[in-house]
Structure formats: C-alpha cells, structure tokens
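Working notes, beginning with the structure itself.
The shown structure was predicted, so the numbers you read here are calculated from the model rather than taken from an experiment. Note that these values count all heavy atoms, side chains included, but never hydrogens, waters or copies made by symmetry. Protein chains get the first letters and strands the later ones, always in sequence-line order, with residue 1 at the start of each.
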Amino acid sequence: MGVEDFRLKPARTRIAPSPTGRFHLGNARNALFDYLLARKTGGQFILRFEDTDRNRYVPGSEEEIARVLDWMGITPDESPFHGGQYGPYRQTERRDIYHQHAQILVDKGHAYPCFCSPERLEKMRKEQEAQKLDRVQYDGLCRKIDPDDAARRVANGESHVIRFKMPKEGTTTAHDHLRGDILTENKYMDDYVLLRSNGLPTYHLGAMVDDHEMKITHVLRSAEWLPTFPLHVQIVRAFGWDEPVWVHLSVFLKPSGKGKMSKRDSAAAMKDGYSIFLDDLRSLGYIPEGVLNWIALMGWGVAEDELMTLDQMLERFSIDTLTPSPAAINFQKLDHFNGAHIRLLAIEDLAGRIKPYFTGAGLEVQNDALLKITPLIRERLVTLDDCLAFASFFFKDEVKPNPEDLIAQGLDVRQSAEIAKKVYEILSSLPDISHQIVEPPLRSYVESSGLSANQVFGILRVAVTGQKVSPPLFESMEIIGREKVLQRLKMAIELLEKI
RNA sequence: GCCCCCAUCGUCUAGUGGACUAGGACGCAGCCCUUUCAAGGCUACGACCGGGGUUCGAAUCCCCGUGGGGGCACCA
C-alpha cells in the first residue's frame, strides 16, 4: 500500500457501533473514512462495541459487523476479535473504568449522584410538557444535595445515577472540523446521566472515556451527535483532557431526500433489490469495490475521476474535503459503480466470484468453460447474480425456449422454421463450430436470403441459448460446442413445427 | 414548541471575491457502434433558495427570511 503520509501525525480512529441492529450504510461510510484516515497517516483503525444497552442487544450483530468490515477490506487493527493493547474493546467489559471516571468527576465537582426515581422523572417531564415549557430537562433536585450526604447515601447502597453538572450559564464553544465553531448557550443543555443505576455508562460517558483511554485522535461520527456535542466537549474538558479532532459526518437521507434513512425504508428498498444493510448488499451480488466507491462519494467531494479503488481513495482522501450537508442516497449510482468495478476485475477474479452463484443454483460448473464465459458477460453484469440470467444456459443439458420467441420479427412460424432448418443445414455441414468458421457462411446466407441479420441470428440465439437476450452468439456457440448446438437447434425446429 | 446543523442541475458533488458562458458523475433524451442485451463513444437537457448589505466586482463574505435535516431518554 505505502500511502502513508508522514507529514501527518498518525491518526487513531474508531468506529463504535452498538450491537443492537444491523450494519448499515452510515456505519460503513464512517468505517471507510476512519480506515482511510488511519491508513493514510500510518495510524490505527479500531472497532469498539458500545454494548451497554442490554435491552436492545441483538445476538450475532457483533459477528455481522466484523464480517462486513472484513468483506469490505477494511479490517480493524484493534477490536474485540483482533485484540490490541488498549482493550477490552467492549464497553460491558470496562465497567470499572467508567466507575472510576465517574467518581473522578464527582470528586472534582463536575458530576453528582441523583437519587430520583424513573417515576419521579416521568412525572416531572409530564408536568413540564403540560406547562408547555420550551425545555424539558432535569429540574436539578439532587444537585442541591450536600456532597457528603450524597456520598453517604451512595455508600448505603441507595439506587442512583451519576449526572453531569452542566454549567447553567455562559456558552460552550465546540469546534467541528467541517463546520467550525458551534456555540451553544449552556442553559439549553441538560444535566445528562453519565452512569446509569445499573452501573453501566451512557454513551456520553462511555464514549468520552474510551476515546481518551484508547488514544483516539480523530472522532468521526454521525451528525446526529451534534445536539449533544457541547456536552461531550464539556465532559472532556471537565476531565482536563485534550480534545480529539471532531468530525461530524453528514446524515444519509432516504432516496426521496425526505427524512433520514431508516429501517422502515429498508423494506421498500429490498423490494427493488436494494438494501441499506451491507450484509444484504453482499448477498444481492454487490461487490465491495462498488459499494465502497458509492458510499465514499456521499459526503466526500471528489471533483473528477470518481471511479476509485480503495487504494486510489487512500491517495486522495482528506478530512478537509468532507462535506457537511445531508445526502440523499441514490441506488442507481450504486448500480453504476458496481457494474463499473465488475468491469475492472480480472477475468480469473470475476470468474471466482460468480462461480458460487452457478453452483448455488445447482449447476455443474466446468472451470475452463467458466473462464471463457466470464469475458462474454463481464460488461453485462450490474450485480454478480446477474450472471445467472445471462449464462445459466451454458451449464444446462438442454434449454427450453418459449416457442413464440423462436418466431422472428416480421415473419411467421413457417418461415421461421424454414430459416432454422437452413441454419441447421449450414452448421451441420461445417467441420467446426468456432466463431471464424461459422460466421462467414451464415453471413452470406443472410445476405443471399434477403433476411436481416437480426431475424436469422435471433432465431438461432433463442434456439441455442433459450433466451432472447444473451451474450454474443458466435462466441457462445463455440463454448457450448457443436454437438449441443445442433441438438438445441433441432429441438427448436421441432418446437416450431408443433405450433 | 425549543435547540442545533445544512442550503449549487432531479440526485451526489467541484467551486473558497474576478480565470464561471458555473465543471464532473449518476439518471434522463438523442445519435454512433452493433446479431440481442450491455459496454463504449459523442451530443442535448439541466442548478447558484429569496431579500438586503459589504465590495469596483459575489455562487463564493455578513445579516434576515424561507426551505430541508437532525436532536430534545438511566438509546446509541
């Protein structure tokens, strides 16, 4: 690879998904940019699971995330599966660390125990809403408790959470790399919960602590975090730590541009053969090169030469050229890039990737034939599974054309049958069925007969391939072989005569 | 309702005060190539949200609108 840019300090980046659902486009783009930045600077890309919400935990999602990253070719340098010197990389395995850090904040006077019950909070919120208050936030009841009293109650085992003591006055200036300074009046910020009553941290504490402990230099995350950005900056400052470079990535909008892409829309996308989930995209026949290129261009401004491999992206990537505005996803563009990257693959490579689709369909695949077929269909594939529609007939013993399709345009059944017979006559008289041998006599037949190439070759195509649309006819026949071609042609003549 | 972010072709974007007759890509339309379908090549259509400033000069800077998006949990 050797794209490390040593003018830049090695960056440590991370993707921190929660194993509560499936790995989607947003996650993938985040991971891609993380990876590019880390590689570009000779740093590390880390995978960490923020699995503190036990209620929403989905078994198997951790594995899916790791598998998808692998598939995309952006395997993390450190993760729960690969290890690393800053682990553990699962938040549920870091309880003590959060506990200690919450205590540090309490000791410093930046946080306090809150003993309010969920019921009281619920009631409080209802009342605030009833009063039509602009801000619905914690009323600060436990803020007033004497620290010694609070410590005693905690020691007695009283159920509590730890809240951040947000400054009530002044403004917080948070710096986003793409948007510049973002000023927020502190009165709009709540005393957020840092540590829950079950001892596990919320995102606000967990992510800040882990990013610091894991020496993350650049935090690339979704713009959905912007509203709590001031909080995060306040937490980091309360600890007295240096801030990472914050980069809030644009959110993905649904194709219509109306609203954020969500699970609901994924069902609709699936109906059209698309998905927002990477693992689905893989099984739908999309290749990582295409997917990567596609997502890279949403939220990253590349003026020209947009068709890029991962290595080419690496050469050009910079967080300075990322864009802050929301981006509507466009599946047609995914198709474009997927097809374009398929065309870029070496024949052997592509053959290896489409083979499983044939065998999966129960077809017996001969490798030498596959290698000859692949170049014929390469520029016709949008997704890998398209190979089935284009080339299954090569591996079948016989094809079953729709009799109607055997009738050439502008001709009737009888005429079509005559043509088929004549073509059979010509082919069977030839010693060989290679492209060079077959084409001249057929061409001269077309010319002398006054028919169009379209009509003659159309009949032959349907007869031999069983379909109206196929890879180039002569090359296809050569691969299928003389015997099978004649056999299929004969079958076609019989079909025509039966109409 | 309140807070925050964003604003160039239908979509993704280039553009950082004059080189803009606003560039590229996807899609769309047409043509060429052609045994089908593709691929490829060429051409067309297509945008600076509005109003005020600043300036000799604004897509580019500032303000106000408007529109879009996000967020208001012991979820992330």
Side-chain angles (χ1 to χ4, degrees), chain A residues 16-18 20-21 50-53 55-56 114 116-118 121-122 125 129 132-137 159-163 174 176 178-179 182-185 187-190 192-198 200-204 206-207 221-230 248 250-251 253 255-260 294 297-307 321 323-337 339-340 343 377-382 386 389-390 439 442-443 446 452-462 465 467-474:
Chain A
S18 54
T20 55
E50 307 209 327
D51 57 346
T52 59
D53 187 352
N55 297 329
R56 296 199 306 156
C114 170
C116 294
S117 66
L121 295 175
E122 181 60 24
R125 263 192 288 270
E129 274 163 31
K132 294 210 191 289
L133 256 42
D134 290 339
R135 288 169 272 150
V136 176
Q137 48 183 224
S159 180
H160 68 283
V161 299
I162 302 293
R163 282 182 186 276
D176 174 75
L178 304 179
R179 295 158 237 264
I182 295 170
L183 275 62
T184 309
E185 288 188 59
K187 67 180 179 192
Y188 293 119
M189 301 302 294
D190 206 348
Y192 288 88
V193 171
L194 299 177
L195 202 65
R196 297 185 277 192
S197 54
N198 65 5
L200 285 168
T202 56
Y203 172 89
H204 311 302
R221 35 132 71 159
S222 165
E224 288 155 54
W225 289 113
L226 245 17
T228 44
F229 186 22
H248 292 89
S250 62
V251 293
L253 271 26
S256 65
K258 301 279 175 204
K260 189 170 68 158
W294 177 52
L297 261 19
M298 287 187 281
W300 176 20
V302 175
E304 262 152 81
D305 300 321
E306 294 185 341
L307 186 64
T321 53
T323 55
S325 32
I329 63 172
N330 181 348
F331 287 115
Q332 288 176 317
K333 208 154 182 168
L334 167 62
D335 281 339
H336 165 74
F337 280 116
R343 274 167 252 136
I377 62 172
R378 183 168 58 170
E379 58 266 352
R380 278 157 247 267
L381 302 180
V382 171
D386 286 342
F390 277 113
E439 187 163 5
L442 285 179
R443 288 255 178 233
V446 168
S452 74
N454 217 325
Q455 293 170 315
V456 176
F457 297 149
I459 293 172
L460 185 54
R461 177 189 316 284
V462 174
T465 68
Q467 49 202 54
K468 291 168 89 166
V469 173
S470 82
L473 184 56
F474 297 123

Would a 4.5 Å heavy-atom cut-off, applied to side chains only, mark F474(A) and L442(A) as touching?
yes
To the nearest Å, give me how far apart CD1 (I182(A)) and P (C4(B)) are.
10 Å
For the residue pair H204(A) and W225(A), categorise the inter-ring angle as parallel (less than 30°), tilted (30 to 60°) or perpendicular (more than 60°).
perpendicular
Each nucleotide N or O in nucleotides 68-76 of chain B that has a protein N or O under 3.5 Å away: list the pair and distance.
residue: G69(B); atom: OP1; partner: G259(A); partner atom: N; Å: 3.3
residue: G70(B); atom: OP1; partner: K260(A); partner atom: N; Å: 2.6
residue: G71(B); atom: OP1; partner: K260(A); partner atom: NZ; Å: 2.9
residue: C74(B); atom: O2; partner: S197(A); partner atom: N; Å: 2.9
residue: C74(B); atom: O2; partner: S197(A); partner atom: OG; Å: 3.0
residue: C74(B); atom: N3; partner: S197(A); partner atom: OG; Å: 2.9
residue: C75(B); atom: OP1; partner: R196(A); partner atom: NH1; Å: 2.8
residue: C75(B); atom: OP2; partner: R196(A); partner atom: NE; Å: 3.1
residue: C75(B); atom: OP2; partner: R196(A); partner atom: NH1; Å: 2.2
residue: C75(B); atom: O5'; partner: R196(A); partner atom: NH1; Å: 3.3
residue: C75(B); atom: O2'; partner: D53(A); partner atom: OD2; Å: 2.8
residue: C75(B); atom: O2'; partner: R56(A); partner atom: NH2; Å: 2.9
residue: C75(B); atom: O2; partner: R56(A); partner atom: NH2; Å: 3.4
residue: A76(B); atom: OP1; partner: T52(A); partner atom: OG1; Å: 2.5
residue: A76(B); atom: OP1; partner: R196(A); partner atom: NH2; Å: 3.0
residue: A76(B); atom: OP2; partner: Y203(A); partner atom: N; Å: 3.2
residue: A76(B); atom: O3'; partner: E50(A); partner atom: OE1; Å: 3.0
residue: A76(B); atom: O2'; partner: S18(A); partner atom: OG; Å: 3.4

Gap between atoms CH2 and C1', on W294(A) and A25(B) respectively (whole Å):
15 Å
Contact list (N/O, under 3.5 angstrom) for nucleotides 36-39 of chain B vs protein:
residue: U36(B); atom: N1; partner: R461(A); partner atom: NH2; Å: 3.4
residue: U36(B); atom: O2; partner: S470(A); partner atom: N; Å: 2.8
residue: U36(B); atom: O2; partner: S470(A); partner atom: O; Å: 3.0
residue: U36(B); atom: N3; partner: R461(A); partner atom: NH1; Å: 3.4
residue: U36(B); atom: N3; partner: S470(A); partner atom: O; Å: 2.6
residue: U36(B); atom: O4; partner: P472(A); partner atom: N; Å: 3.4
residue: C37(B); atom: O2; partner: R380(A); partner atom: NH1; Å: 2.8
residue: C37(B); atom: N3; partner: R380(A); partner atom: NH1; Å: 2.2
residue: A38(B); atom: O2'; partner: E379(A); partner atom: O; Å: 2.6
residue: A39(B); atom: O4'; partner: E379(A); partner atom: O; Å: 3.3
residue: A39(B); atom: O3'; partner: R343(A); partner atom: NH1; Å: 3.2

Look up atom CZ in R378(A) and atom CZ in F390(A), then write down how far apart they are to the nearest 0.5 Å.
14.5 Å
Taking the P atom in each of G52(B) and C74(B), what is the distance between them to the nearest angstrom?
48 Å
At 4.0 Å (heavy atoms only), tell me whether G299(A) reaches a base, stays on the sugar-phosphate, or touches nothing.
sugar-phosphate
In whole Å, I'd like the distance from the CG atom of L178(A) to the P atom of A7(B).
11 Å
Using atom P in both nucleotides, what's the gap between C20(B) and A38(B) to the nearest angstrom?
37 Å
Say you pick atom C1' in A47(B) and the same atom in C4(B); how far apart are they, in whole Å?
27 Å
Using every non-hydrogen atom in the two residues, find where F337(A) and W294(A) come nearest and quote the distance to one decimal.
CD1-CA, 4.0 Å
Distance check, rounded to the nearest 0.5 Å: E224(A) atom CD versus K260(A) atom NZ?
3.5 Å
Separation of R179(A) atom CZ from U16(B) atom P, in whole Å?
21 Å
Could you check whether G301(A) gets within reach of a base, just the sugar-phosphate, or nothing at all, counting any heavy atom under 4.0 Å?
sugar-phosphate
Quote, to the nearest angstrom, the P distance that separates G18(B) from C26(B).
29 Å
Please determine, for C33(B), whether a Watson-Crick or G-U wobble partner exists with both distances under 3.5 Å, and give it or none.
none
Rounded to the nearest 0.5 Å, what separates atom CG in D335(A) from atom CG in N330(A)?
9.5 Å
In whole Å, measure the gap between the C1' atoms of U8(B) and G15(B) for me.
9 Å
Any-strand Watson-Crick or G-U partner of C61(B), both distances under 3.5 Å:
G53(B)
Suppose we define a pair by two distances each less than 3.5 Å, Watson-Crick or G-U wobble; what does A25(B) pair with here?
U11(B)
Just the rounded figure in Å: distance from P of U35(B) to CZ of R443(A).
5 Å
Quote, to the nearest angstrom, the P distance that separates A14(B) from U60(B).
16 Å
Whole-Å C1' distance, U43(B) and C6(B)
35 Å
Tell which nucleotide pairs with C2(B), taking only Watson-Crick or G-U wobble pairs whose two distances are both under 3.5 angstrom.
G71(B)
Find the distance L297(A):CG to G24(B):P and express it as a whole number of Å.
16 Å
By the 4.0 Å heavy-atom rule, please label E304(A) as base, sugar-phosphate, or nothing.
sugar-phosphate
Please tell me if the side chains of V161(A) and T202(A) come closer than 4.5 Å, counting only heavy atoms from C-beta onward.
no
Would F457(A) and R443(A) count as a side-chain contact (heavy atoms from CB on, under 4.5 Å) here? Give the steps.
CA-CA 10 Å; F457(A) 297 149; R443(A) 288 255 178 233; 3.5 Å; yes
Would you compute the distance between atom CZ of R380(A) and atom CG of D386(A) and round it to the nearest 0.5 angstrom?
12.0 Å
Listed nucleotide nearest any side-chain atom of A328(A), set C4(B), C12(B), U35(B):
C12(B)
For the CG atom of L307(A) and the NE2 atom of H336(A), what is their distance to the nearest 0.5 Å?
6.5 Å
Can you check the distance between G27(B) and C42(B), where both ends of the measurement are the P atom (answer in whole Å)?
15 Å
Which pair of non-hydrogen atoms, one from V446(A) and one from A453(A), has the smallest distance, and what is that distance?
CG1-N, 3.6 Å
Which is true for R221(A) with a 4.0 Å heavy-atom rule: it touches a base, it touches only sugar-phosphate, or it touches nothing?
nothing
Toward the 5' end of RNA chain B, which comes first, T184(A) or L334(A), by nearest nucleotide?
T184(A)
Touch check for T323(A), heavy atoms < 4.0 angstrom, all strands: base, sugar-phosphate only, or nothing?
sugar-phosphate
Rounded to whole angstroms, how far apart are CD on Q332(A) and P on G10(B)?
15 Å
Indicate, with a heavy-atom threshold strictly under 4.0 Å, whether V302(A) touches base, sugar-phosphate, or nothing.
sugar-phosphate
Just how far is it from atom CE of M189(A) to atom CZ of F229(A), taken to the nearest 0.5 Å?
11.0 Å
For L307(A), answer base if it contacts any base atom (sugar-phosphate contacts may also be present), sugar-phosphate if it contacts only those atoms, and nothing otherwise; contact means non-hydrogen atoms under 4.0 Å.
nothing
Nearest to the side chain of F474(A), which nucleotide is it out of C6(B), U35(B), C12(B)?
U35(B)
Grab the NE2-P distance between H336(A) and G27(B) for me, whole Å please.
6 Å
